[in-house]
Amino acid sequence: MSETELHDESAAAESQLDEDDLLRPEFVAAVLEAVEAGDDEAARALVAPLHPADIADLVELTPADRRADLVTAIPDLIDGDVLAEMNDWVREALVDALEPHQVADIAAELDTDDAVAIIEDMDVEDQREVLRALDPDDRAAIEEALSYPEESAGRLMQRELIAVPEHWTVGHVLDYLRGNDALTTDFWEIFVVDPSHKPIGTCELSWILRTPRGITISDVMKREQTLIPVDMDQEEVALRFQKYALISAAVVDASGRLVGMITVDDVVHIISQEAGEDILRLSGAGEGDINEPVLLTVRTRLTWLFVNLGTAMLAASVVGLFQGEIARFALLAVLMPIVSGMGGNAGTQTLAVVVRAIATNQLTESNTVRMILRELRIAAANGATLGLAIGAGTMLVYGIPWLAGVIAMAMVINNLIAGLAGVLIPVTLDRLRVDPAVASAVFVTMMTDVMGFFSFLGLATLVGLGG
């Protein structure tokens, strides 16, 4: 292929991406056709203009059985920045296909946090081979990061940062930044440390650039700062960034020494990831990743489906207690799903609010009682309104006063149960150190089904059929 044709291909790719931020099916098909035809130059010309995040998306959009061919055709474009942006499952499969020295070369190009993200999911033996292939400094930094718990600040942080003593002048700092090519280029603020390397303040780049050279850093730095313990959970890290509007933050070890920093770009990813996980856990769908292996997805979903089956059988057993009454008055079978279904919906609404409040630290021990009373008031108001509506409808359709009164009262009772369960169940699970997003929904549904059936059929037996 001539240089002119390559340029035309590249220009076409850029034009296509300008029209739409997403990788369109036609573009993906064109790249894969070039790969299948063995025209690696054409494939590279199409892919080269893409941002690393878009190249990662391209690999993910490629069918699993063709990804290896695509990566083989454009190996120089699949660098560390691309792998860092890639879906975990897809990245893991690609990394497994690479030689340890290739993974080591990629990891050496990245900041520590991105390198750890690539290496941490590998088998222990493969990890050792990759670490052996790294230079001593990189190996020591990554080994230290891997020693911290998963999803902690220690795994998330990067060790490449700028730290200076407080007695330096602004001129010293500027000369230091300009004269040291080994320093990181991605930072928004400089950390000021004492002789024991403990952070005592921060100084934004804008302040340094606008301050005369002779002024000491101690005179322009901000002493108030948010320090992140190295073992802090990443969700708590994200909450601190959100609460205090941070761009970056220092990470300190148990002795208070500066060991790394976390930047907002990593936190944005965490917020998105954790929010998605909580939503999927509420439904028992596991990680919900479309790239997750089918057998693993089946196993995860079946676990909670079996739990749901057990709770459904419990609800059915409550219905079985009243089978004689249902046989005598068939309308009970027609109306009872309304009570349990509306209670389930009300419980899900409360549950969603409470789980989010727990995740964002809005709901704590100090305001739990107030939250319970609030949700009970809401449940009572909703239950009374729905009860009046369903009672009036039942009276209009069937003309049976006692049945209208029973279903109205059962609606109120089950809404109160739903509101109470929607708060108490996730709060109790959280106190027991169990993720409320994982297990709450199935128990709230069980409560609303069981109590919905029991309240409606029980009241019907006492008020109508019993009399």
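In this chain, numbering begins with 1 at the start of the sequence shown.
- Annotation: side chain of Met447 is not in contact with side chain of Val444 (no heavy-atom distance under 4.5 Å).
- In this structure, the side chains of Met221 and Ile200 come closer than 4.5 Å at one or more pairs of heavy atoms.
- Atom CG of Leu331 and atom CG of Leu403 lie 6.0 Å apart (nearest 0.5 Å).
- Checked by atom type, the side-chain pair Arg356/Gln362 shows a donor-acceptor distance below 3.5 Å.
- With a 4.5 Å cut-off on side-chain heavy atoms, Met342 and Asn414 do not count as touching.
- Atoms CG and CD1, on Asp430 and Ile425 in that order, are 13.5 Å from each other to the nearest 0.5 Å.
- With no hydrogens or angles considered, a side-chain donor-acceptor pair links Glu189 and Ser248 at under 3.5 Å.
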(message) As a quick check of understanding, evaluate side-chain contact (heavy atoms from CB on, under 4.5 Å) for Met232 and Arg240, giving each step before the final call.
(response) CA-CA 11 Å; Met232 177 179 284; Arg240 290 202 180 185; 3.2 Å; yes
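- Counting only heavy atoms from C-beta outward, the side chains of Pro426 and Leu351 approach each other to under 4.5 Å.
- Looking at Thr445, its side chain never comes within 3.5 Å of a backbone N or O of Val442 through a donor-acceptor pair.
- Distance alone, capped at 3.5 Å, is enough to place a donor-acceptor pair between the Ser440 side chain and the Pro436 backbone.
- Heavy atoms only, all atoms of each residue included: Asp253 and Val230 are closest at CA-CG1, 4.2 Å.
- Ala107 approaches Leu134 most closely through the heavy-atom pair CB-CD2, 4.3 Å.
- Across Gly154 and Ala145, no two heavy atoms sit closer than the pair O-CB, 3.9 Å.
- Residues that satisfy the ring pair (Phe, Tyr, Trp, His ring centres under 6.0 Å) test with Trp188, not counting sequence neighbours, are absent from this structure.
- Shown are Ile413, Leu420, Val412; of these, the side chain to side chain contact (heavy atoms under 4.5 Å, CB included) with Leu416 is made only by Val412.
- Heavy-atom neighbours of Glu365 CD from other residues, nucleotides or ligands within 6.0 Å: at or below the threshold of 12.
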(request) Apply the test side-chain contact (heavy atoms from CB on, under 4.5 Å) to residues Met86 and Glu60: give CA-CA distance (whole Å), side-chain angles for both, the deciding distance (0.1 Å), then the verdict. (result) CA-CA 8 Å; Met86 201 172 289; Glu60 293 170 19; 3.8 Å; yes
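- The shortest side-chain heavy-atom distance between Met122 and Val103 falls under the 4.5 Å cut-off.
- Judged by distance alone, with hydrogens and angles left aside, the side-chain atoms of Asp79 form a donor-acceptor pair with the main-chain N or O of Val82 at under 3.5 Å.
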(request) Mind running salt bridge (Lys or Arg N to Asp or Glu O under 4.0 Å) on Glu85 and Arg91 for me, showing each step along the way? (result) CA-CA 9 Å; Glu85 297 286 347; Arg91 180 177 62 217; over 6 Å; no
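- Residues Val319 and Met336 have side chains in contact (heavy-atom distance under 4.5 Å, counting atoms from C-beta outward).
- Note that the CG atom of Leu457 and the CG atom of Leu462 stand 11.0 Å from one another [nearest 0.5 Å].
- Between Arg257 and Val252, every side-chain heavy-atom pair lies at or beyond the 4.5 Å cut-off.
- In this structure the side chain of Val353 never reaches within 4.5 angstrom of the side chain of Val423, judged on heavy atoms.
- Around the CG atom of Leu295, the shell of radius 6.0 Å holds no more than 12 heavy atoms that belong to other residues, nucleotides or ligands.
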(message) For a side-chain contact (heavy atoms from CB on, under 4.5 Å) check, start with the C-alpha distance between Leu156 and Val251, then their side-chain angles and the critical distance, and finish with the verdict.
(response) CA-CA 10 Å; Leu156 184 65; Val251 180; over 6 Å; no
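- With Asn367 contributing its side chain and Thr364 its backbone, the two residues share a donor-acceptor pair below 3.5 Å.
- Judged purely by distance below 3.5 Å, without hydrogens or angles, the side chains of Ser147 and Arg155 never pair a donor atom with an acceptor atom.
- Expressed to the nearest 0.5 Å, how far CG of Leu239 lies from CD1 of Ile270 amounts to 10.5 Å.
- Shown here is Met371, whose CE atom has more than 12 heavy atoms of other residues, nucleotides or ligands within 6.0 Å.
- Counting heavy-atom neighbours within 6.0 Å of Glu150 CD, excluding the residue itself, gives a total of 12 or less.
- Here the closest non-hydrogen pair linking Thr62 and Arg67 is O-NE, 2.9 Å.
- Expressed to the nearest 0.5 Å, how far CZ of Arg159 lies from CG of Leu258 amounts to 11.0 Å.
- Nearest approach of Ala460 to Leu332, heavy atoms of both residues: CB-CD2, 3.7 Å.
- Ala249 and Ile228 make their closest contact through CB-CG1, 3.9 Å (heavy atoms, listed as atom of the first residue, atom of the second, distance).
- The only member of Phe322, Trp402, Phe456 that meets ring-ring contact (aromatic ring centres under 6.0 Å, His included) when paired with Phe329 is Trp402.
- Between Glu224 and Lys222, none of the side-chain N atoms (NZ, or NE/NH1/NH2) sits under 4.0 Å from a carboxylate O, so this pair counts as no salt bridge.
- With values rounded to the nearest 0.5 angstrom, Thr184 atom OG1 is found 6.0 Å from Gln158 atom CD.
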(request) Using the side-chain contact (heavy atoms from CB on, under 4.5 Å) rule, take Leu146 and Glu120 through it: C-alpha gap first, then chi angles, then the decisive distance, then the call. (result) CA-CA 7 Å; Leu146 292 172; Glu120 64 182 351; 3.8 Å; yes
